[in-house]
Amino acid sequence: MEGNSVGGGGGGGGGGANDVELLCKTLQVEHKLFYFDLKENPRGRYLKISEKTSATRSTIIVPSNGIAWFLDLFNYYVNSEDQDVFSKELQLDTKVFYFDVGENRRGRFLKISEASVSRNRSTIIVPAGNARDEGWAAFRNILAEINEASGLFVLPNQHQQNSEAPERIIGLSDDVGAGFISSNSSQPAPATDSNIDRSSDLPPSDDIGNMGVSKVIRADQKKFFFDLGNNNRGHFLRISEVTGSDRSSIILPLSGLKQFHEMVGHFVEITKDRIEGMTGVNVRTVDPPQR
DNA sequence: GCGGCAT
């Protein structure tokens with residue numbers, strides 16, 4: 001039961017009492033107080049996020065490989081137009097986090113529910129804040145700090161640098177609506193605006209951890225490189241177009257990858273009769289770039 | 001001085 005759980009304090013009581021505290025931060029949003037504790041135990045590292053109001057306290061436990069996903073999702077909710085946001089599901093290990101935006105007379109809020117097999121569902125609610133979602137933005141900033149700092153702590157007993165294969169770690173799926181989905185929606189949401197960052201946002205390339213997955217395709221005279229990577233803002237897919245000596249890239253946070261895929265599939269579908277019979281698209285694996 | 005969700 002506790003085999004896969006990280007930091008849940010499962011089984012016989014400890015409640016993470018022995019866990020090492022790596023980093024603590026607090027954030028006040030309106031009258032709520034949020035505690036962020038980055039902790040570590042022999043099973044791994046996790047972020048405990050607690051919401052405390054006058055009488056209640058509720059906590060969610062985020063596995064460390066989910067911090068970047070939380071960051072991406074908060075960016076999504078901060079950057080999207082109010083009417084364009086959808087609920088999201090984030091599966092991490094054995095638990096699922098549900099992100100839902102709600103509104104009542106107190107204002108807009110983001111409800112984050114953690115559902116796991118052996119535990120009651122727990123929920124925190126983050127107020128959007130008055131203007132420009134500053135409550136969510138402040139929350140996002142804390143996540144960014146923690147995500148960045150987390151990379152500075154090295155597990156002494158770390159056997160592999162990437163304990164997760166990219167395909168297996170995480171599934172991020174759209175729940176409701178998903179912006180653009182296989183159904184015959186006539187109006188694809190311009191989700192790309194918020195999901196695709198320009199390459200200028202990248203830190204120096206030293207910080208880009210290549211995850212060892214690189215592919216290249218050719219189309220006509222162009223080459224396109226696909227590289228998985230991660231930086232202090234999370235995981236991303238970099239797609240680079242290389243012509244001659246010029247390279248330009250888009251950086252696609254993995255939270256947008258599914259929508260990207262569906263969007264490409266859409267255009268493949270509607271142009272099918274025009275590309276049938278075309279050949280010459282080669283896909284191969286290449287060595288990770290050196291820089 | 002808040003208080004949402006939902007078991």
Side-chain angles (χ1 to χ4, degrees), chain A residues 1-2 4-13 15-16 24-37 46-63 66-144 146 170-179 181 189 194 255:
Chain A
M1 72 152 95
E2 57 204 75
N4 282 331
S5 75
V6 151
C24 294
K25 288 180 180 293
T26 62
L27 170 68
Q28 186 172 352
V29 181
E30 295 171 0
H31 118 284
K32 282 187 172 174
L33 201 50
F34 292 95
Y35 296 91
F36 299 78
D37 296 303
Y46 63 93
L47 177 63
K48 185 176 88 171
I49 305 176
S50 293
E51 166 201 313
K52 187 176 179 303
T53 49
S54 46
T56 60
R57 179 172 53 103
S58 64
T59 296
I60 60 174
I61 302 288
V62 184
I67 298 173
W69 292 101
F70 267 62
L71 179 55
D72 278 353
L73 282 166
F74 266 85
N75 273 318
Y76 166 75
Y77 286 106
V78 168
N79 294 329
S80 300
E81 296 300 319
D82 292 1
Q83 66 275 13
D84 290 340
V85 297
F86 297 102
S87 295
K88 298 281 182 180
E89 286 182 31
L90 175 64
Q91 169 136 28
L92 295 167
D93 302 334
T94 58
K95 48 176 80 167
V96 185
F97 294 92
Y98 299 93
F99 290 72
D100 297 289
V101 173
E103 183 164 10
N104 60 19
R105 63 179 97 66
R106 301 279 183 202
R108 275 157 48 82
F109 57 85
L110 180 62
K111 181 184 65 163
I112 305 167
S113 285
E114 171 193 337
S116 58
V117 272
S118 59
R119 197 166 301 278
N120 290 337
R121 173 181 284 239
S122 59
T123 297
I124 64 172
I125 292 178
V126 185
N130 289 325
R132 279 235 359 100
D133 297 339
E134 89 276 0
W136 293 349
F139 203 100
R140 183 264 322 268
N141 293 340
I142 299 269
L143 287 172
I146 293 171
I170 308 159
L172 182 65
S173 68
D174 295 304
D175 180 15
V176 184
I181 275 276
S194 58
S255 61

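So you know, we letter chains A, B, ... as the sequences are listed, proteins then strands, and number each from 1. Values below: every heavy atom of this structure, side chains too, minus hydrogens, waters and symmetry copies.
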Original post:
Okay, side chain of Asn104(A), backbone of Arg106(A): is any donor-acceptor separation there less than 3.5 Å?
Top reply: yes
Original post:
Distance-only, no hydrogens or angles: does the Tyr76(A) side chain make a donor-acceptor pair with backbone N or O of Phe86(A) under 3.5 Å?
Top reply: yes
Original post:
Mind checking what makes side chain to side chain contact (heavy atoms under 4.5 Å, CB included) contact with Glu30(A), not counting sequence neighbours?
Top reply: Pro127(A), Asn130(A)
Original post:
With side chains defined as the heavy atoms from C-beta onward, is the minimum distance between Leu27(A) and Asn141(A) less than 4.5 Å?
Top reply: no
Subject >> Check: Glu114(A) and Thr123(A) side chains under 4.5 Å, non-hydrogen atoms >> reply: no
Original post:
Mapping Asn120(A) and Ile125(A) onto DNA chain B by nearest heavy atom, which one lands closer to the 5' end?
Top reply: Ile125(A)
Subject >> Range on DNA chain B touched by chain A, heavy atoms, distance below 4.0 Å >> reply: dG1(B) to dA6(B)
**OP:** Look at all strands and tell whether Glu103(A) reaches a base, only sugar-phosphate, or nothing, counting heavy atoms closer than 4.0 Å.
**Re:** nothing
